[in-house]
Amino acid sequence: MLMVSVSVILCASLVVLLGAYGLLFGLMASGPILILIVAMSSFSFESCDGTAQHLYDIGRALRLHGVRIVETNEGILIPGNALYTIEVRSSGKRGAVSTKYKANWTGTALVLMLLPLLSGYGAAISIVLSFYVLFDVRRSFARLLKKIGSAPLPELVEKKDDIGQLLMFTIADANRIAWDVRNVKHSRYQDLVIFWMVVLGLIGTLVFSIVFWSFSGTIGLFEFTSALVVSAALTIIAILLTRSRMLPGIRKADHWVERLEAVQAREESGVSVDGESTIGLLIEVGAELPEWLQTRDKGHVDNSGAMWLLTFFLVLPSAYLIANGVMSLLMSFSIQWISVIWVLVGVALAFASYLVYRHLLRQERIKSHNLRKEWERRQKYLTRRLEEVIEGM
Amino acid sequence: MERPDIYVLSRLLERLWRENGPMMKTRLQVASNVNYDVLTKYLEWMSAKRFVTYEAADGHDLVRLTPSGKNAYLKILQVVGEVLAVPAFSSRDLT
């Protein structure tokens with residue numbers, strides 16, 4: 001009976017905290033999968049048939065077809081879903097344009113794929129997920145190209161003066177900022193949901209199994225099922241609480257994007273003169289800037305794929321060493337030096353991980369701090385200049 | 001009125017600029033979503049600054065934006081655009 005209990009606990013610990021296990025055993029078997037992931041991280045294709053449109057036209061075409069886009073300095077970013085984004089870049093001149101479409105994984109996708117991968121046995125899940133995303137990306141590309149090439153673009157309404165152009169550019173800038181904030185809020189929500197699923201769903205199962213075992217002195221199907229049920233219930237409660245806390249902010253960000261996109265579409269089409277005031281909306285955006293910056297500041301680190309990966313690879317081996325060392329000590333009911341060494345190495349590795357993470361976090365904070373100062377300065381400048389304009393009238 | 005609210009003033013200027021011609025006061029009020037009394041005060045202020053001129057047609061009061069008014073609107077827009085145009089947010093960091 002004791003052996004059965006030990007096996008169950010070991011299996012649970014291996015499934016949950018298999019960083020080193022994955023690295024030692026799973027990595028060899030999962031090598032091709034890692035190659036696939038690396039290859040897919042730069043999954044792209046190029047269109048250079050001479051009929052490709054200029055990036056600006058592509059952006060206009062997508063927007064007119066209802067596709068949400070973010071204009072960046074390098075090109076256009078199309079948020080696909082929580083797993084990937086599509087980036088469109090263009091080079092060359094009109095008539096001989098080369099347009100490149102590239103799919104980028106999000107941090108969420110990387111974690112979702114690597115979690116099962118590290119368990120060794122879960123590599124199959126990674127394969128299925130990878131292929132699902134691959135097909136989804138391909139389908140999105142197909143839709144994208146169809147939309148771009150389907151209908152001739154309506155000519156831009158000739159603006160009577162530079163006010164029209166300035167309005168279009170300014171609203172596009174405001175829309176880009178609002179989109180960034182919206183993406184941060186959505187990503188933070190998705191990341192938190194994944195966090196609760198991993199921490200409470202998996203680790204919670206292990207912890208509650210140990211708790212039940214400590215009470216009953218044994219562990220079987222009943223104890224393990226009870227642990228699963230408790231963890232699932234706690235996970236659902238945590239997700240619901242997170243949802244109720246974050247949903248108002250997400251809806252607000254979505255509403256800002258909708259308002260700005262509606263105004264931007266109107267400015268570009270030039271069809272309707274009625275509707276929300278563009279300048280009024282822009283002044284409102286100016287007042288929101290500090291809050292948006294704060295959101296962006298908090299979301300920056302959370303949404304860095306590299307940070308996720310680094311933390312992930314550093315923390316899991318240490319968790320594995322600590323868990324297995326502790327379990328070995330508990331099961332042997334005596335001090336085994338090898339187990340103690342495992343625990344100590346695990347703690348040292350965890351501490352080193354924390355130092356690395358703190359260093360990266362500090363660097364990001366410095367960047368964000370400078371950026372915040374710049375935006376505070378700009379907001380004060382906006383208020384002062386508008387007052388000057390009024391006084392000068 | 002000593003000092004107009006920049007938000008209300010900008011909306012009125014924009015709506016008149018979009019019309020690209022004379023506009024009825026009542027239509028301007030509805031399109032700008034401001035109280036009639038407030039609109040009257042603002043139009044008086046704008047008229048004193050020569051941003052708008054009044055016309056009459058078929059018994060209706062029409063308001064037209066002057067080049068000076070258009071210039072004032074452009075100035076406000078330039079200030080707002082100058083602040084928002086800096087690409088300080090990088091979407092690439094957020095993917």
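Bear in mind the structure is a predicted one, so any value in this text is a computation, not a measurement. Chain identifiers are assigned alphabetically (A, B, ...) following the order of the sequence lines, protein sequences preceding nucleic acid strands; residue numbering begins at 1 within each chain.
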- Note on the structure: Bottom line for A:E388: the part with an atom under 4.5 Å from chain B's heavy atoms is neither

- Rounded distance [0.5 Å steps], CG in A:L281 versus OH in B:Y7: 7.5 Å

- Query: Considering only heavy atoms from C-beta outward, does the side chain of A:L282 approach that of B:L77 to under 4.5 Å?
  - Reply: yes

- Task: Kindly compute the distance separating CG (B:L9) from CG (A:L386), expressed to the nearest 0.5 Å.
- Result: 10.5 Å

- Query: Within a radius of less than 6.0 Å around CZ of B:R50, do more than 12 heavy atoms belonging to other residues, nucleotides or ligands occur?
  - Reply: no

- Shortest non-hydrogen contact from B:I6 toward A:I283: O-CD1, 4.2 Å

- Message: Testing the 3.5 Å rule here: is there a donor-acceptor pair between the side chains of B:R18 and A:T278?
- Response: yes

- Item | Within 6.0 angstrom of B:K75 NZ, more than 12 heavy atoms from elsewhere | no

- Query: How close do A:S277 and B:R11 get, heavy atom to heavy atom, and via which atoms?
  - Reply: OG-CG, 3.2 Å

- Message: If I measure from the heavy atoms of chain B, does A:L167 come under 4.5 Å with its side chain, its backbone, both, or neither?
- Response: both

